[in-house]
Amino acid sequence: MSAPRVRFAPAPTGFLHVGSARAALFNWMFARHTGGTFVLRIEDTDPARSRDELVEGIERTLHWLGLDWDEGPYRQSTRMHLYAEAAARLLAEGRAYWCDCSREAIDARTPPGAPPGYDGFCRERGLERSAETALRLHLPDEGETVVHDLIRGDVHFDHATLEDVVIQRRDGTPTFLLANAVDDADMAISHVIRGEDLLPSTPKVLLLRQALGNLEVPIFAHLPLLVDDKRAKLSKRRHAIAVEDYRDQGYLPEALRNYLALLGWAPPDGREIVPLDEMVEAFEVEAVNKAPAFFDTVKLAHVNARYLRALPVATFVRESLPWLMQDPPWPPERLDPAVFEAVAPLVQERVQTLGEVPAMVDFLFLEEPCIDDESWAKAVTGLPEAGAVLDDAIAAFESCPWEAEAIHQATSDVAVGHGLKLAKAQAPIRVAVTGRRVGPPLFESLQALGRAPTLERLRAARRRWASEQSPTPSP
RNA sequence: GGCCCCAUCGUCUAGAGGCCUAGGACACCACCCUCUCAAGGUGGCGACACGGGUUCGAAUCCCGUUGGGGCUGCCA
């Protein structure tokens with residue numbers, strides 16, 4: 001048997017749906033695993049979707065995900081003559097006919113309670129082509145078509161339940177069924193791997209191919225759908241479903257790719273974080289699950305965090321920089337890459353996405369820390385010794401060596417002096433300097449910030465504390 | 001309504017008749033570690049939808065029920 005040929009055939013919509021991305025990934029893994037050919041085909045028969053930038057967007061996003069293709073992108077918009085020729089042949093051979101029924105007319109003919117759908121009204125009317133007619137394929141009324149599916153087994157469709165479908169619109173453009181059937185045959189696609197939502201249309205494509213005289217029948221693999229928390233197909237309305245959305249939130253392509261591979265399939269040995277080449281080696285379409293999978297962003301975030309932590313620090317720094325430079329909450333010129341580098345290893349194991357990086361280090365670049373009210377109340381107002389702790393810290397920090405270990409020691413001494421645990425004593429200092437109760441390790445943070453800014457912030461906090469202690473004088 | 005698909009912890013899954021007192025991961029809870037938060041470690045909670053078969057034996061095979069989903073466009 002010759003090497004498999006598979007294709008990813010998206011319609012350009014301006015973004016890449018995560019479900020499509022997964023279909024692309026599975027096709028790609030299948031091709032790479034089998035030594036087959038991965039074809040990219042853009043289904044842009046609809047003129048409104050045939051814009052160059054939309055196609056380029058798909059290419060860019062696939063590349064971002066690390067998926068490359070061996071052929072294409074073919075664009076259906078440049079192959080319209082093939083579909084027109086096929087339609088003409090079907091018409092000439094009496095396998096298709098013109099129909100001028102509107103949706104309303106079809107519905108009006110449907111008796112109450114009867115299943116809706118086209119009834120073959122125009123089959124024998126002998127209509128000519130006009131501005132009012134679309135071309136329908138005459139499907140058989142008897143018999144059945146069997147779809148051979150590597151994931152679902154053989155699926156049988158009774159021809160009596162199939163309606164004659166439109167294959168060419170009034171304006172002469174082909175519907176996806178026609179373009180799809182023609183191209184898969186023309187491009188010698190051997191395995192069609194796509195979403196399960198396309199399963200019901202499969203017998204029609206097969207019948208169409210047969211009418212066109214294609215004797216080859218591709219093998220199918222219908223992937224389980226990606227669903228939301230309510231088990232419904234992911235919709236654009238309610239979810240972030242564009243691959244680009246995740247990219248913009250600071251997800252790593254290898255993490256998203258790895259997570260996507262986990263939906264409907266499981267790498268061997270129960271491992272979940274698996275390098276691409278090992279995925280490719282282990283991938284088998286037959287092993288793909290049948291049940292729909294919930295696209296769980298919580299787990300995606302975990303996978304991303306794992307990849308983030310595994311990055312060499314220098315790479316993490318490089319990847320973080322764009323997030324630190326774009327719309328920062330601090331004056332842009334205050335960003336000091338060297339300062340960020342100093343704390344980067346500490347930040348790296350505390351974020352799940354690159355998008356979280358700025359908030360974790362904002363205190364280093366802000367003129368003044370943005371003090372969180374709740375943190376202040378808990379760590380400063382709520383600690384009777386807060387004022388004294390700040391005083392002692394100021395005194396100690398003025399002279400101690402400006403190095404994390406020494407700052408740590410000095411702070412421990414302050415804590416001991418007040419009979420406090422270090423955890424308690426460091427809290428007001430942390431809030432005074434960083435504005436929050438949580439963040440990267442304090443002493444390394446102070447070292448990176450520098451002695452002068454640290455003292456300044458501590459004194460400011462001390463003043464605020466004092467003003468809150470004395471009752472505000474009434475006018 | 002019709003056609004089609006699906007059904008293991010909350011979620012993603014392992015499981016292809018005895019290895020299952022059903023394994024792992026995420027999430028959650030507790031403890032340990034600890035300057036906060038993470039990370040890490042340990043432990044815990046937690047599932048074979050239901051009913052019939054087949055079989056010495058069923059999460060695994062068959063049938064039915066129930067539940068969920070998809071399709072039913074001159075979108076793809």
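Each chain gets a letter, A, B and so on, in the order the sequences are listed, and its residues count up from 1.
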Separation between the P atoms of B:C5 and B:G64, rounded to whole Å: 12 Å
B:C48 to B:A7 separation - P atoms, rounded to the nearest Å: 16 Å
Short side-chain N/O contact to B:G70 OP1/OP2 from A:R152, under 4.0 Å: no
Short side-chain N/O contact from A:N289 to OP1 or OP2 of B:A7, under 4.0 Å: no
Contact under 4.0 Å: A:R103 side-chain N or O vs B:G73 OP1/OP2: yes
Carboxylate-amine/guanidinium proximity below 4.0 Å for A:D372 and A:R437: no
Lys/Arg N to Asp/Glu carboxylate O, A:E272 vs A:K299, below 4.0 Å: yes
Atom C1', compared across B:A22 and B:C9: separation rounded to whole Å: 10 Å
Sugar-phosphate only, base, or nothing, as touched by A:P440 at under 4.0 Å among non-hydrogen atoms: base
Residues from residues 11-24 of chain A lying under 4.0 Å of RNA chain B - heavy atoms: A:A11
First encountered from the 5' end of RNA chain B, between A:L263 and A:P200: A:L263
Pairwise P distance, B:U34 and B:A47 [rounded to whole Å]: 36 Å
Ion pair A:R123/A:D141, N-O distance below 4.0 Å: yes
Residue closer to the 5' end of RNA chain B, A:K230 versus A:L262 (nearest nucleotide): A:L262
Nucleotide nearest A:V438 (side chain, heavy atoms from C-beta), chosen from B:C3, B:C71, B:U36: B:U36
B:C75 and B:G69, which share atom name P, separated by this distance in whole Å: 27 Å
Ion pair A:R79/A:D44, N-O distance below 4.0 Å: no
Selection from B:A27, B:U36, B:C12 that lies nearest to any side-chain heavy atom of A:K299: B:C12
Sugar-phosphate only, base, or nothing, as touched by A:H222 at under 4.0 Å among non-hydrogen atoms: nothing
What does the list of N/O pairs under 3.5 Å between the protein and nucleotides 38-42 of chain B look like, with a distance for each?
| residue | atom | partner | partner atom | Å |
| --- | --- | --- | --- | --- |
| B:A38 | O2' | A:E349 | O | 2.6 |
| B:A38 | N1 | A:E349 | OE2 | 3.2 |
| B:A38 | N3 | A:E349 | OE2 | 3.0 |
| B:A39 | O3' | A:R309 | NH1 | 3.2 |

Partner of A:Y259 under ring pair (Phe, Tyr, Trp, His ring centres under 6.0 Å), chosen from A:W265, A:Y251, A:F295: A:F295
Separation of the P atoms in B:A49 and B:U60, to the nearest angstrom: 8 Å
Side chain of A:A232 - closest among B:C74, B:C26, B:G70: B:G70
Those residues of residues 161-169 of chain A lying under 4.0 Å from RNA chain B by at least one heavy atom: A:T161, A:E163, A:V166, A:R169
Euclidean distance for P, B:A59 against B:U21 (whole angstrom): 9 Å
Note: A:D149-A:K290 ion pair, threshold 4.0 Å (strictly below): no
